[in-house]
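Throughout, a chain's letter reflects where its sequence line sits, starting with A, and its residues are numbered from 1.
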Number of protein chains: 2
Amino acid sequence: MHMKATVPITAADLKSACSQCNLLELCLPFGMTETEVNRLDELVGTRRKIKRQQHLYRAGDPFEAIYAIRIGWFKTDVVLEDGREQVTGFQMTGEMLGLDGISTEAHSCNAIALEDSEVCVIAYDKLEELSRQIEGLQHQFHKVMSREIVRDHGVMMLLGSMRAEERLAAFLINLSQRFTARGFAASEFHLRMTRDEIGSYLGLKLETVSRAFSRFQEEGLISVQQKHVRLLDIPALRKIIQHPSVMR
Amino acid sequence: MHMKATVPITAADLKSACSQCNLLELCLPFGMTETEVNRLDELVGTRRKIKRQQHLYRAGDPFEAIYAIRIGWFKTDVVLEDGREQVTGFQMTGEMLGLDGISTEAHSCNAIALEDSEVCVIAYDKLEELSRQIEGLQHQFHKVMSREIVRDHGVMMLLGSMRAEERLAAFLINLSQRFTARGFAASEFHLRMTRDEIGSYLGLKLETVSRAFSRFQEEGLISVQQKHVRLLDIPALRKIIQHPSVMR
DNA sequence: TCTTGTGGTTGACGTGGATCAACGGTCTGT
DNA sequence: ACAGACCGTTGATCCACGTCAACCACAAGA
């Protein structure tokens, strides 16, 4: 009954999508009653599988739906006319994609799968309709958008005011927290993105990212082997963030 | 009948706040019918005057309302424990403040008036209630939040991938567009913020901002005199943004 | 098994913007 | 109208990170 990438799954597969999903606490249904969650199921009409390196949507695509990641990892990026790319975020299970599209009715960035992934497709007009009826859904949706704004401000702080090693430390701590929230190991994980993509996100070149990784390893803060990372001294990493090693 | 800073105006002053306001097209009521806008007036319970350098809210303050700027300018910033400040935005007439507070029910940044200003206070619970009843309000509110997310991504691009002069050019072009949208002169305006604040926003030191201004002036792209700026060659400024002067 | 390509590491060197410092101009409040 | 603090400009120097380049590790496919 399962099928190829990006092809919708049949209705049968979807019965009670949200109500059966173990992501409840991270995703849209958070804070809603059981009966409300059951109504939410009408919302999630289809799922989509996206293969590694494929686009979920592209900048300029008409906006119709937002997406909740069920399985996998994505990056979002914006590209300047001259080809410069800026990764604006890495999204994992339970996180939302596509909110950028609401403002102009077209997506303003690209969303690309970092590994084979699966998303819930949430038709936007239906979401608005349903959130006029379900207070909890409305509120949770607003929270999700607001959280994205707060996250973005954190990235600005990172890009505008932090040094290379502080940025990388902040990045690793952030990943660790998000894994923890999902019940995964806090201090050992596989990166799904390349050094180049990390660099783009952090406003650094890949060589600088690589050197920062090596430095952290020399100092015993982490161990790295390609994409496999183990955080050995999380308190020390936290200290790096709030503690300008040099100057102000 | 007028009073001191931050003291609410009496109900009498407010009659038909939104419906009388000439900011309609930029603010929340955009796209709503006349009768709907009249209902919006219940929403804007009070206005608040904020004197230059005063806080509209601080990081950590409980979140109760969002604010629409009627008159004036604000900056928002986040501050690290060690004192480093990152300006996350400059907001002008018709723009919304406080959206960051929804996610955690507390504000996550500071909002500070750059000049004597006045805002409409929009109680957030009422806004949610009313936007469950008025489709156009709901949609416009979502657009405003989404627009903020898109803007933030633009700032990330700026901070992560652009050089000092590109950043400043982008900043000036952006201001120019926002003035234009409000019916002000596109190419001549007063900056409400200091070089230091511009630098914080752009991830640069004030000296670098000052030098970039001087360079633009030498090249005949602008004329600057303290806070007074005139854009003499907007196409050239645009070119700087998309045109890495050196390398990729 | 070998081959090819992509991704990661490390070193040597260059540079854009930060830092430090001095000074001049201009608002702000009294 | 004045004093003082704040703000902006400019020059000299420094350094964190970018650039260029060589090489290595690993994964995927033949």
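- Taking atom CD of B/Glu165 as the reference point, atom P of C/dT15 lies 16 Å away to the nearest angstrom.
- Atom-to-atom, CZ of B/Arg167 to C1' of C/dG16 comes out at 11 Å; the value is rounded to the nearest Å.
- Look at NE2 on B/His190: it is 13 Å from C1' on C/dC27, rounded to the nearest Å.
- A heavy atom closer than 4.0 Å to some atom of DNA chain C occurs in no member of residues 192-200 of chain B.
- A/Met193 has its side chain within reach of A/Trp73: a pair of non-hydrogen atoms, C-beta onward, lies under 4.5 Å apart.
- Side-chain proximity of B/Leu204 to the nucleotides D/dT10, C/dG17, C/dT9 is greatest for C/dG17.
- Salt-bridge annotation for A/Glu218 and A/Arg215: absent, with no side-chain N of the basic residue lying under 4.0 Å from a carboxylate O of the acidic one.
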Would you tabulate the nitrogen or oxygen pairs shorter than 3.5 Å linking the protein to nucleotides 11-15 of chain D?
from, atom 1, to, atom 2, distance (Å)
D/dG11, N7, B/Arg211, NH1, 2.9
D/dG11, O6, B/Arg211, NH2, 3.1
D/dA12, N6, B/Arg211, NH2, 3.4

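- Dashed line: the shortest gap from a side-chain N or O of A/Lys205 to OP1 or OP2 of D/dC20 is not under 4.0 Å.
- The distance between atom NE2 of A/His228 and atom P of C/dG8, rounded to the nearest whole Å, is 15 Å.
- Listed here is the closest heavy atom pair of A/Glu85 and B/Met157: C-CE, 4.4 Å.
- Considering only side-chain atoms of B/Lys227, the nucleotide from D/dC7, C/dA18, D/dC26 that sits closest is D/dC7.
- Taking only side-chain nitrogens and oxygens, A/Ser210 comes nearer than 4.0 Å to OP1 or OP2 of C/dT9.
- Among the protein residues, A/Leu206 comes within range of the nucleic acid bases, having at least one heavy atom under 4.0 Å from a base atom.
- Rounded to whole angstrom, the span from the CZ atom of B/Arg215 across to the C1' atom of C/dG17 amounts to 11 Å.
- With ring centers used as reference points, A/Phe184 lies 6.0 Å or more from A/Phe189.
- Residues A/Leu204 and A/Leu168 are not in side-chain contact: their nearest non-hydrogen atoms beyond the backbone lie 4.5 Å or more apart.
- Taking a cutoff of 4.0 Å between a charged side-chain nitrogen and a carboxylate oxygen, A/Arg182 and A/Glu95 qualify as a salt bridge.
- Of the residues B/Lys51, B/Arg52, B/Arg48, the one that meets the salt bridge (charged side-chain N to carboxylate O under 4.0 Å, His left out) test with B/Asp116 is B/Lys51.
- Each of A/Gln226 and A/Thr208 was assigned the nucleotide of DNA chain D with the nearest heavy atom; the assignment lying further toward the 5' end belongs to A/Thr208.
- Remark: P of D/dA25 and CD of A/Gln225 are 12 Å apart, rounded to the nearest angstrom.
- Atom C1' of nucleotide D/dT19 and atom CZ of A/Arg84 are separated by 16 Å, given to the nearest angstrom.
- With rounding to whole Å, A/Met162 atom CE is found 17 Å from C/dA18 atom P.
- Here the side chain of A/Thr93 pairs no donor or acceptor atom with the backbone of A/Ile71 at under 3.5 angstrom.
- A donor-acceptor pair under 3.5 Å is absent between the side-chain atoms of A/Thr180 and the main chain of A/Arg178, judged by distance alone.
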